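Report on one structure; see the data block that follows.
In what follows, chains carry the letters A, B, and so on, assigned in the order in which the sequence lines appear, proteins first and then strands, with residues in each chain numbered from 1. Everything numeric in this text was worked out from a predicted model, so none of it was measured.
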Protein chains: 2
Amino acid sequence: MGNSAGESGSLTREPLDAARADAFAPMFKALGDPVRLRLLSMIASARGGEVCVCDLTGEFHLTGPTISHHLKVLREAGLVDSDRRGTWVYYRMIPAALAVMGTLLETGIPV
Amino acid sequence: MGNSAGESGSLTREPLDAARADAFAPMFKALGDPVRLRLLSMIASARGGEVCVCDLTGEFHLTGPTISHHLKVLREAGLVDSDRRGTWVYYRMIPAALAVMGTLLETGIPV
DNA sequence: GCTCTGATTCGACAGTTCTCTATAAATTCG
DNA sequence: CGAATTTATAGAGAACTGTCGAATCAGAGC
């Protein structure tokens with residue numbers, strides 16, 4: 001890839017350059033809202049690897065359009081993908097995205 | 001700790017409840033800005049474990065107050081801590097915070 | 001085709017955020 | 001003390017965000 005921020009990609013190894021920061025920040029930003037964090041968690045932990053929007057909406061005291069908006073933010077951040085099957089729309093996680101973020105946050109300190 | 005979201009804490013294991021989402025979202029939100037992502041990276045990767053604000057400011061095309069604002073956001077999110085020694089203020093990472101976030105993002109899928 | 005249901009888009013509004021300038025606080029040094 | 005330096009706070013303005021209600025789009029089934 002030829003980047004200058006280390007192959008491990010960890011934030012703690014060396015300073016992130018501006019271009020990479022611009023690329024990664026939107027992912028963190030997408031998770032920076034409690035509703036989206038729960039949505040992603042529901043999607044990521046769903047049995048079968050995907051979940052219907054109809055099963056997400058009821059878990060929040062929010063209208064459909066608002067849930068739809070948050071799902072769009074997650075989608076545009078590259079964290080999830082969706083596809084329609086008949087009447088319903090199913091969302092699934094993009095595992096590589098979470099992996100990238102997780103790698104960025106590695107401290108090298110055992111938890 | 002007696003939580004209901006699993007000891008591993010991973011987002012992918014089971015859905016995050018609202019209270020935990022409220023607790024964790026601000027950390028992600030704090031990293032959701034490219035300037036703060038770079039600031040945290042500079043702080044986290046600094047030799048000696050800490051860095052003087054005077055060494056951060058020059059790396060951005062932003063005024064001092066703006067950098068100060070972003071550092072405050074990182075501090076209030078619990079990601080960094082600061083202390084003044086003489087004229088200068090030094091910031092250092094709180095490693096446990098990054099570890100918590102990293103654990104949340106674990107997919108169980110080897111990178 | 002018409003209607004019903006599920007999901008998204010549109011338009012609006014209150015609240016928040018990012019940035020700046022100006023000012024203030026903390027500390028050192030003469 | 002007074003001046004210089006470094007960092008933080010206060011206040012303001014433009015831009016963005018989260019939420020809603022209304023309208024629209026996509027399919028299923030009569």
For A:W88 and A:H69, find the nucleotide of DNA chain C closest to each by heavy atoms; which residue's nucleotide sits nearer the 5' end?
A:W88
Nearest-angstrom distance from the residue atom CD1 of A:I67 to C1' of C:dA7:
12 Å
Counting any heavy atom closer than 4.0 Å, what does B:L62 reach on the DNA or RNA strands: base, sugar-phosphate only, or nothing?
sugar-phosphate
Main-chain N/O of B:G64 paired to B:S68 side chain as donor or acceptor, under 3.5 Å:
no
Rounded to the nearest 0.5 Å, the OG1 atom of A:T57 sits from the CG atom of A:L71 at a distance of 7.5 Å
Side chain to side chain, A:L31 and A:L74, heavy atoms closer than 4.5 Å
yes
Geometric cation-pi criterion, B:R75 with B:Y91: 6.0 Å, 45°
no
From the options D:dT7, C:dT16, C:dC18, select the nucleotide whose nearest atom is closest to the side chain of B:H70.
C:dC18
First encountered from the 5' end of DNA chain C, between A:S68 and B:G64:
A:S68
Choose from D:dT7, D:dT19, C:dC20 the nucleotide whose nearest atom is closest to any side-chain atom of A:V35.
D:dT19
Given D:dG18, C:dT8, D:dA8, which nucleotide is nearest the side-chain atoms of B:Y91?
D:dA8
A:L74 CG to D:dG18 C1', in whole Å, measures 14 Å
Which of C:dA7, C:dC18, D:dA10 is nearest the side chain of B:D33? It is C:dC18
Please determine, for the side chain of A:P65, which listed nucleotide (C:dT8, D:dG18, C:dT19) has the closest atom?
C:dT8
Whole angstrom is fine here: how far is it from NE2 in B:H61 over to C1' in C:dC20?
16 Å
Do the side-chain N or O atoms of B:T66 get closer than 4.0 angstrom to the phosphate oxygens (OP1, OP2) of C:dC18?
no
So, do A:D55 and A:W88 sit near enough that their side-chain heavy atoms are less than 4.5 Å apart?
no
From the options D:dT7, C:dC20, D:dT9, select the nucleotide whose nearest atom is closest to the side chain of B:K72.
D:dT9
Do the side chains of A:M27 and A:L104 get nearer than 4.5 Å, heavy atoms only?
no
Which one, D:dA22, D:dT6, C:dA7, comes nearest to the side chain of B:C54?
D:dT6
Base, sugar-phosphate alone, or nothing: which one does A:F60 contact when heavy atoms must sit under 4.0 Å apart?
nothing
Just by modelled atom types, is the A:L37 backbone N or O under 3.5 Å from a matching donor or acceptor in the A:S41 side chain?
no
Once you round it to whole Å, what is the distance between C1' of D:dT6 and OH of B:Y90?
11 Å
Could you check which residues of residues 75-87 of chain A get a heavy atom under 4.0 Å from DNA chain D? Sort them by number, please.
A:R84, A:G86, A:T87
Nearest to the side chain of B:K29, which nucleotide is it out of D:dA8, C:dT16, C:dA7?
C:dT16
